[in-house]
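Since the structure comes first, as structure tokens, the remarks are kept for the end.
Residue numbers run from 1 in the order of the sequence given. Note that these values count all heavy atoms, side chains included, but never hydrogens, waters or copies made by symmetry.
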Amino acid sequence: MKITGVTIHDVDYGRDFHTFWNPVIVRIDTDAGIYGAGELGLAYGTGAKGGIHMIRTLAETFLIGADPNRIESIWETFFRRTFWGQGGGPIIYGAMSAIDEALWDIKGKALGVPVYELLGGKVRDEIRVYANGWYTGLNAPEEYAEAALKVVADGYDALKFDPFGTTPDGEWRYPRRHIERDWAILAVKRVEAVRDAVGPDVDILLDLHGNLGTTDAITYGRMLEASRPFFYEEPVDPMNVACMKKVSANVKIPIAAGERLYTRYQFRPYLESQALDILQPDMGLCGGITEARKIAAYAETYNLHVQPHNCGGPVSTAAGVQLDAAIPNFIIMEWFPYWTDDRYAIVTQALEHQQRKGRYRIPDRPGLGIELNDDYLARFDKLVVGGRP
């Protein structure tokens with residue numbers, strides 16, 4: 001079997017950071033009539049277009065005519081022969097990740113088994129998921145409480161939000177290291193209101209997007225302890241391991257991070273210093289399924305948990321589920337069931353609306369367990385390297 005073509009779908013929903021979003025979907029075709037799907041993890045923020053052109057370059061240089069079954073060899077080629085693979089950032093690792101997911105999808109389909117069977121088989125039959133994306137446009141604590149109750153009514157027993165991301169004036173604007181006192185206290189009250197509303201049996205997960213300085217992360221983290229968060233995600237940015245470790249040592253909430261760390265090499269200092277309790281490699285950024293499995297195994301040696309970061313489209317969700325099924329140290333999965341655009345239509349049967357009571361049962365379909373919706377993707381721009389058989 002040989003790779004005959006690579007198609008890159010630019011699913012661009014707009015440039016505004018509030019509406020986001022720019023999922024990038026990769027389709028790799030083969031001469032056996034089997035294709036694989038992958039997703040670049042740069043749907044949010046700035047950089048998706050750069051990722052598109054990196055995928056194109058990797059495809060032109062290394063993929064056409066290659067054997068898609070040689071997944072490890074292709075990953076090593078990207079890492080060693082691009083120069084930038086040995087120390088690069090989200091553009092090259094995102095491109096590598098999307099391609100890697102598609103190769104695993106091909107291999108699973110060719111063998112007629114889910115990807116998790118190729119990773120050692122299922123460790124569990126279902127996964128616990130938490131709801132994200134439900135708090136857009138909220139401001140007052142009582143608004144957060146009311147919205148959280150709706151999430152619980154939808155069946156979730158765990159939900160995540162950023163209580164610091166919205167100013168007292170209702171503007172979505174991240175704080176810069178030091179946060180004004182009234183803004184910070186309002187954030188704490190938002191968390192307290194959600195806890196009071198949902199009760200003790202629903203888990204609250206907090207994401208600070210790396211925007212507090214170390215001092216403020218400790219000061220307000222201590223105030224948040226009483227609400228018993230499940231984790232405290234990126235209280236500070238990941239650029240300095242010692243800062244994250246200092247927060248971890250001074251706040252009695254499990255610390256989570258990893259969406260802006262790439263490959264096992266960047267996770268290494270966090271593991272060795274035990275600055276984190278829960279690792280969050282993004283399947284579309286960390287190096288794909290190949291590398292995420294290694295990161296998870298590495299984390300096992302430090303008795304740490306893994307929660308794949310998942311903030312894009314339905315291909316990313318499907319890839320994360322395959323990893324969740326096969327690793328012993330999985331803890332919970334990020335789930336976005338409330339996108340207001342129509343990205344769920346990227347595939348013919350998205351997983352996001354199939355959860356029941358905060359759980360998702362692992363599917364038994366081959367590969368990643370999803371199929372691309374070609375009619376929907378035809379609405380968007382695409383780049384084609386090679387062609388389809």
Assess, by modelled atom type and distance only, whether the side chains of Glu334 and Asn132 contain a donor and an acceptor separated by less than 3.5 Å. yes
For residues Tyr44 and Trp21, establish whether the separation of their ring centroids is below 6.0 Å. yes
Check whether any side-chain heavy atom of Phe78 lies under 4.5 Å from a side-chain heavy atom of Trp84, and answer yes or no. no
Quick one: are the ring centres of His209 and Tyr174 less than 6.0 Å apart? yes
Please determine, by modelled atom types, if Asn139 and Thr166 share a side-chain donor-acceptor pair under 3.5 angstrom. no
If we count only N and O atoms by modelled type, under 3.5 Å, do the side chains of Thr290 and Glu72 hold a donor and an acceptor together? no
Indicate, with yes or no, if the rings of Phe336 and Tyr130 have centres closer together than 6.0 Å. no
State, without any angle test, whether Gln349 and Tyr344 hold a side-chain donor-acceptor pair at a distance under 3.5 Å. no
Flag for Asp31-Thr4: side-chain donor and acceptor within less than 3.5 Å: no
Closest non-hydrogen atom pair between Ala43 and Gly312, with its separation: CB-CA, 4.1 Å
Does the ring center of Phe79 lie less than 6.0 Å from the ring center of Tyr265? yes
Could you list the donor-acceptor pairs under 3.5 angstrom formed between side-chain atoms of residues 232-242 and any protein atom two or more places apart in sequence or on another chain?
unit_1 : atom_1 : unit_2 : atom_2 : d
Tyr232 : OH     : Ala217 : O      : 2.8
Tyr232 : OH     : Gly221 : N      : 3.4
Glu233 : OE1    : Lys160 : NZ     : 2.6
Glu233 : OE1    : Gln280 : NE2    : 3.2
Glu234 : OE1    : Arg260 : NH2    : 2.7
Glu234 : OE2    : Arg260 : NE     : 3.3
Asp237 : OD1    : Met239 : N      : 3.0
Asp237 : OD2    : Arg177 : NH1    : 2.8
Asp237 : OD2    : Arg177 : NH2    : 2.9
Asn240 : OD1    : Ala242 : N      : 2.9
Asn240 : OD1    : Cys243 : N      : 3.3

Side chains of Ile25 and Leu372, heavy atoms from C-beta outward: is any pair under 4.5 Å? yes
Donor-acceptor list for residues 144-156 side chains, cut-off 3.5 Å, not counting sequence neighbours:
unit_1 : atom_1 : unit_2 : atom_2 : d
Asp154 : OD2    : Tyr338 : OH     : 2.6

Could Arg27 and Asp29 be called an ion pair, given the rule that one side-chain N must be under 4.0 Å from one carboxylate O? yes
Go through the side-chain N and O atoms of Tyr376 and Asp342 and say whether any donor and acceptor fall under 3.5 Å apart. yes
Indicate yes or no: at least one non-hydrogen side-chain atom of Asp10 is less than 4.5 angstrom from one of Lys382. no
